[in-house]
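This report concerns only the one structure given below.
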Amino acid sequence: MGNSSLQIIADNVSVIASPTTWIEGGAIQQLQTTAKLPGMRRVVGMPDLHPGRGYPVGAAFFSIGRFYPALIGGDIGCGMRFLKTDLTIGKLSLDKLVKRLGNIDAPLTEHSDFWQERVDAYQMRDTGFERSLGSIGGGNHFAELQQFDEIYDRAVFDSHALDRQQVMLLVHSGSRGFGGQILRQHIDHFGHVGLLAGSSAAAAYWSQHARALQYAEANRSLIAERICANLSTTADVVVDVHHNFLSEVCIDGEHGFLHRKGATPADPGLLIIPGSRGDYSYLVQALDTEYSSISLFSLAHGAGRKWMRSECEPRLSKRFTATQLSRTALNSRVVCHDKALIFEEAPEAYKPIDTVIHSLLEAGLIRLVAKLKPLVSYKTSGACCV
DNA sequence: ATGTTC
């Protein structure tokens with residue numbers, strides 16, 4: 001059966017992307033280089049594939065006999081938490097939402113006894129990074145209030161007790177400095193050669209990796225709690241998934257290691273694939289098809305960068321002021337008081353989400369459930385500018 | 001990505 005969204009690059013290298021999806025040549029090159037690592041069986045790029053530091057982002061890698069912590073990267077456990085709040089969109093003004101959201105950057109541990117207790121509940125003091133819990137971080141991390149724009153599958157939508165009028169909250173963050181420290185210590189000791197399955201070093205990484213996944217989820221949970229408190233609402237988790245992590249799996253009869261780097265696991269239930277801050281997000285379900293194995297049971301984790309961070313400000317500052325970039329084409333608000341991030345995370349720097357979603361649809365990997373539009377995208381209230 | 005990099 002033909003599939004125009006399946007690009008076979010080499011024996012064990014493929015990319016899930018329609019011909020109209022922008023894929024940087026350098027990212028394909030990184031994918032091919034990674035495919036040649038000892039023990040690597042198969043690699044696949046998602047439609048949001050883009051170049052990373054040595055290894056591509058938006059990809060999954062399946063290896064036998066050894067695994068590669070560097071492929072997971074430093075933000076072990078980075079992922080998305082999607083919640084439905086008790087707020088209804090009816091009489092909300094965006095300016096009021098922004099004001100009530102306030103500043104959620106300061107360490108939660110210094111906020112109050114109440115928050116210290118909430119943080120304590122997650123038992124992360126031994127990580128040494130307790131101070132970062134409950135704050136978003138930098139880069140592409142964000143928290144976004146959204147509203148439903150279109151429902152495609154009413155039955156699935158209803159079965160998850162969703163309501164078109166409810167404000168949704170999406171939190172994208174990870175293990176902050178903790179995961180980074182784990183990777184750095186690993187690279188200092190072992191470089192990039194990977195770890196042999198069953199070795200004591202492998203066992204040590206597994207336990208650190210597991211702890212980083214816990215930290216990342218605790219972080220997303222505390223960010224959501226904090227936002228809900230500021231908005232005087234509560235929220236129920238619809239889905240929380242990591243998109244940077246390692247797992248042991250059996251694929252086509254072979255037992256091995258599945259590395260996901262910016263790749264959402266195609267698990268049952270609802271999954272969220274966000275666009276840039278000026279674009280829609282899609283609520284989807286993964287489908288089990290003949291291409292599931294080729295796609296290494298993974299989906300895109302977002303739109304994917306189109307431009308390198310360093311080229312954003314030069315390209316955009318001529319066309320837009322930072323203040324103009326605090327509103328988007330979908331009329332949402334952007335809270336980002338970091339001059340560099342305003343440009344680096346501009347919608348123009350990302351692929352259009354529709355090309356990414358179209359690729360996954362054409363490959364038969366997803367079913368659409370709903371589309372959401374951004375209301376407020378929160379990056380940082382930190383120092384500087386605007 | 002990062003209580004910010006050899």
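Proteins come first, then strands; the chains are lettered A, B, ... in the order of their sequence lines, and each starts at number 1. These numbers come from a predicted model, not from an experiment.
A:Glu313 meets the side chain to side chain contact (heavy atoms under 4.5 Å, CB included) test with A:Ser317, A:Phe343; sequence neighbours excluded. A:Gln146 meets the side-chain hydrogen bond (donor to acceptor under 3.5 Å, both in side chains) test with A:Glu144, A:Ser281; sequence neighbours excluded.
Using a 4.0 Å heavy-atom cutoff across all strands shown, A:Gly180 reaches no nucleic acid atom at all. Using a 4.0 Å heavy-atom cutoff across all strands shown, A:Gly128 reaches at least one base atom of the nucleic acid. Using a 4.0 Å heavy-atom criterion, one finds that A:Gly74 contacts no nucleic acid atom at all.
Whole-Å rounding puts the A:Ile187 CD1 to B:dC6 P distance at 11 Å. Rounded to an integer number of Å, the gap from CZ of A:Arg53 to P of B:dT4 is 15 Å. Look at CZ on A:Arg184: it is 14 Å from P on B:dT2, rounded to the nearest Å. One atom, CD1 of A:Ile182, and another, P of B:dT2, lie 14 Å apart when rounded to the nearest Å. To the nearest angstrom, P of B:dT2 lies 12 Å from CD of A:Glu344. Counting to the nearest Å, the C1' atom of B:dT2 and the CZ atom of A:Phe178 are 14 Å from each other. Between A:Arg309 atom CZ and B:dT5 atom P the separation is 17 Å, expressed in whole Å. At whole-Å resolution of the value, CG in A:Asp338 and P in B:dT2 are 12 Å apart.
A:His172 and A:His243 have their aromatic ring centers within a separation under 6.0 angstrom.
Between A:His259 and A:Phe61, the ring planes lie perpendicular to each other; the angle is over 60°, past the 30° to 60° tilted range.
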